[in-house]
Q: 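Below you'll find the structure I mean.
All figures in this text were calculated on a predicted structure; none of them were measured in a lab. Naming convention: chains lettered A, B, ... in sequence-line order (proteins, then strands); numbering from 1 in each chain.
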There are 2 protein chains.
Amino acid sequence: MAEKTIDRPLTEVKSQFAVPYYEISYDKFFQFGVSVDCVVFGYHENRLKILLIKRGAEPYKGMWALPGDLVYPNENIEVAAQRILRDLTGIEDLYMEQTKVYGKVDRHPAGRVITTAYYSLIDIAKHDPHASAWAEGVYWLDLAEMPKLAFDHSEILKDALVVLQQRVRHQPVGFELLPEKFALADLQALYEALLNETYDKANFRKRILSMNLLISLKENQKDVPHRPARLYKFDKQRYDELISKGFSFEL
Amino acid sequence: MAEKTIDRPLTEVKSQFAVPYYEISYDKFFQFGVSVDCVVFGYHENRLKILLIKRGAEPYKGMWALPGDLVYPNENIEVAAQRILRDLTGIEDLYMEQTKVYGKVDRHPAGRVITTAYYSLIDIAKHDPHASAWAEGVYWLDLAEMPKLAFDHSEILKDALVVLQQRVRHQPVGFELLPEKFALADLQALYEALLNETYDKANFRKRILSMNLLISLKENQKDVPHRPARLYKFDKQRYDELISKGFSFEL
DNA sequence: ATAACTTTTGGTAAAAATGACATTAAGTAT
DNA sequence: ATACTTAATGTCATTTTTACCAAAAGTTAT
């Protein structure tokens, strides 16, 4: 195919790559710090929570912040995200996904630090966070009552929430916030909390069940003061099958 | 509200933030280079194209690559993205959006460089790229015939394409690839190229027009060997209104 | 045991959206 | 004037969505 090609002579040489890279002093460029901040969403009793730490070190000592820290120069970023979250909160092996990079020149008082935000969803009951390293405390804070956070973490959190809502609408990630076994009403309450909407109970049930992503267990709720609902579990295998066939979950 | 709070004593101090930040030698951490890579999509004659450069400097001299370069330590990343694209290709003032960060330890032979990918959509006819700085050439390459790219740029491009298709489906970004005035058939051809699908002409028309996002001009196509179609333009104001009311574009 | 109560669960009917396709309209080319 | 091409509009059957009802199944109180 003929392409539209525009090929002009070099006009000016001003980049660090204009001469062979190994002859240049990179000092001028290689002065960045890189960090990771983790936005961990949890869900408990119909409320969406965020995992925050109370900072035990400068800068912003004593303030609320997302769990985050600097990446080592020989460490991959995703690995760092896991390590840092584990070091500060004890939580391990989460599925984490990037949301955005934050790189304002003055966002960190100690120098030029650009940070990558990762988000994750967990069932609060399945993990037991505890403060360690320089974290003075680890808390599940209600999303509705969020204090001001250190650095630009308030902005990071706000953006991550938008990403979460996007994801939740188009992929069945919501299931990750629920216990293994759950009732349809639980799932509905979760989605209503996540997206602040309300759904008709009967129609929600039909929609979800028609996707065939749930396995009906031979087991009912216990200790409820009314008719107990049937319990279900998420059919991960069926989901992977559908995805590979180009299925797209929509709520 | 009572929160589930877990607050344990410090167990170990091992982070760089465990002592006041101004007393620490950060040298160990502040060794990163940060770069930006731009994935600029263009559209011309029913084909999706990518703006690539032929590298005129090491590393990967002579190879195809996304326009990208290192960020200055006192420069905001978005500003750098604009500058670098302008320096290398002469294209200015694009609306660019982040897609992802790439940070593998060995992704750059000159040292630890993490890069942020930005993507943008432009109407090829509206811009006239020309190689400058250390770019030896600038080319619009057809997406279907993409060569192997320098660094991890092939992966970056692949991911950006997925993001583009997502965005195009849920926001009317497609309009940015068309000239000011266009016929409905042009819009349809664009979406069909972007998403490799085909739509029924009559139904596509109804769907698009029912969104009220197009302004019908009192003007028709010229120089077509058949009945000329009515021209439309995108109603940006109406779009912003709808968005602020929580409207979501779906195709 | 029975009645009252609450929530689950299955169903139906109207309304809305979708999709396939036919028809008419409006221009160009001969 | 006629043929031809694509635009533009309309119709209709089908599917999907939505609102709502009622029976079923358990718990609790009497």
Q: What's A183(B) touching, base or sugar-phosphate or nothing? Going by heavy atoms closer than 4.0 Å.
A: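 The answer is nothing, as A183(B) stays clear of every strand by at least 4.0 Å.
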Q: Could you check whether atom NZ of K126(A) has more than 12 heavy atoms from other residues, nucleotides or ligands sitting under 6.0 Å from it?
A: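 Yes, NZ of K126(A) has more than 12 neighbouring heavy atoms, counting only those of other groups under 6.0 Å.
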Q: Whole-Å distance between dT6(D) P and Q221(B) CD?
A: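 In whole Å, dT6(D) P and Q221(B) CD are 11 Å from each other.
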Q: In terms of side-chain heavy atoms of R205(B), which of dG19(C), dT8(C), dA8(D) is nearest?
A: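 Closest nucleotide to the R205(B) side chain: dA8(D).
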Q: Between V39(B) and L164(B), is there a side-chain heavy-atom distance shorter than 4.5 Å?
A: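 Not in contact.
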Q: By nearest nucleotide on DNA chain C, pick out whichever of D200(A) and A229(A) is the more 5' one.
A: A229(A)
Q: Figure out the NZ/P separation between K206(A) and dT15(D), and round it to whole Å.
A: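 These atoms are roughly 17 Å apart.
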Q: Would you kindly give the CG-to-P distance between L231(A) and dG26(D), to the nearest whole Å?
A: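 Answer to the nearest Å: 13 Å.
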Q: Give, for atom CE of M63(A) and atom CD1 of I53(A), the distance between the pair rounded to the nearest 0.5 Å.
A: 12.0 Å
Q: Measure NE2/H226(B) against C1'/dA26(C) and give the value in whole Å, please.
A: 12 Å
Q: Please compare P225(A) and R230(B) by the position of their nearest nucleotide in DNA chain D and report the one closer to 5'.
A: R230(B)
Q: Roughly, in whole Å, what's the span from CZ in F204(A) to P in dT7(C)?
A: 18 Å
Q: For N203(A) and P228(A), find the nucleotide of DNA chain D closest to each by heavy atoms; which residue's nucleotide sits nearer the 5' end?
A: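 Upstream on the strand: N203(A).
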Q: Could you state the atom-to-atom distance from CG of D186(A) to P of dT9(C) in whole Å?
A: 11 Å
Q: Classify the side chain of N220(B) and the base of dA26(C) as holding, or not holding, a donor-acceptor pair under 3.5 Å.
A: no
Q: Could you tell me if Y102(A) and D37(A) have a donor-acceptor pair between their side chains, going purely by distance under 3.5 Å?
A: no
Q: Take the protein atom OH of Y199(B) and the nucleotide atom P of dG19(C), then report the distance between them rounded to whole Å.
A: 10 Å
Q: Taking the basic N atoms (NZ, or NE/NH1/NH2) and the acidic carboxylate oxygens, is any pair closer than 4.0 Å for R169(B) and E197(B)?
A: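 Between E197(B) and R169(B) there is a salt bridge, with a charged N closer than 4.0 Å to a carboxylate O.
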Q: Is any side-chain N or O of R227(B) under 3.5 Å from a base N or O of dA25(C), one able to act as donor and the other as acceptor?
A: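 In this structure, the two groups form a donor-acceptor pair.
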Q: Rounded off to whole Å, could you give me the CD-to-C1' distance for the E250(A) and dT17(D) pair?
A: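 That distance rounds to 14 Å.
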Q: Taking atom types as they are modelled, would you say the side chain of K201(A) forms a donor-acceptor pair with the base of dT6(C) within the 3.5 Å cutoff?
A: no
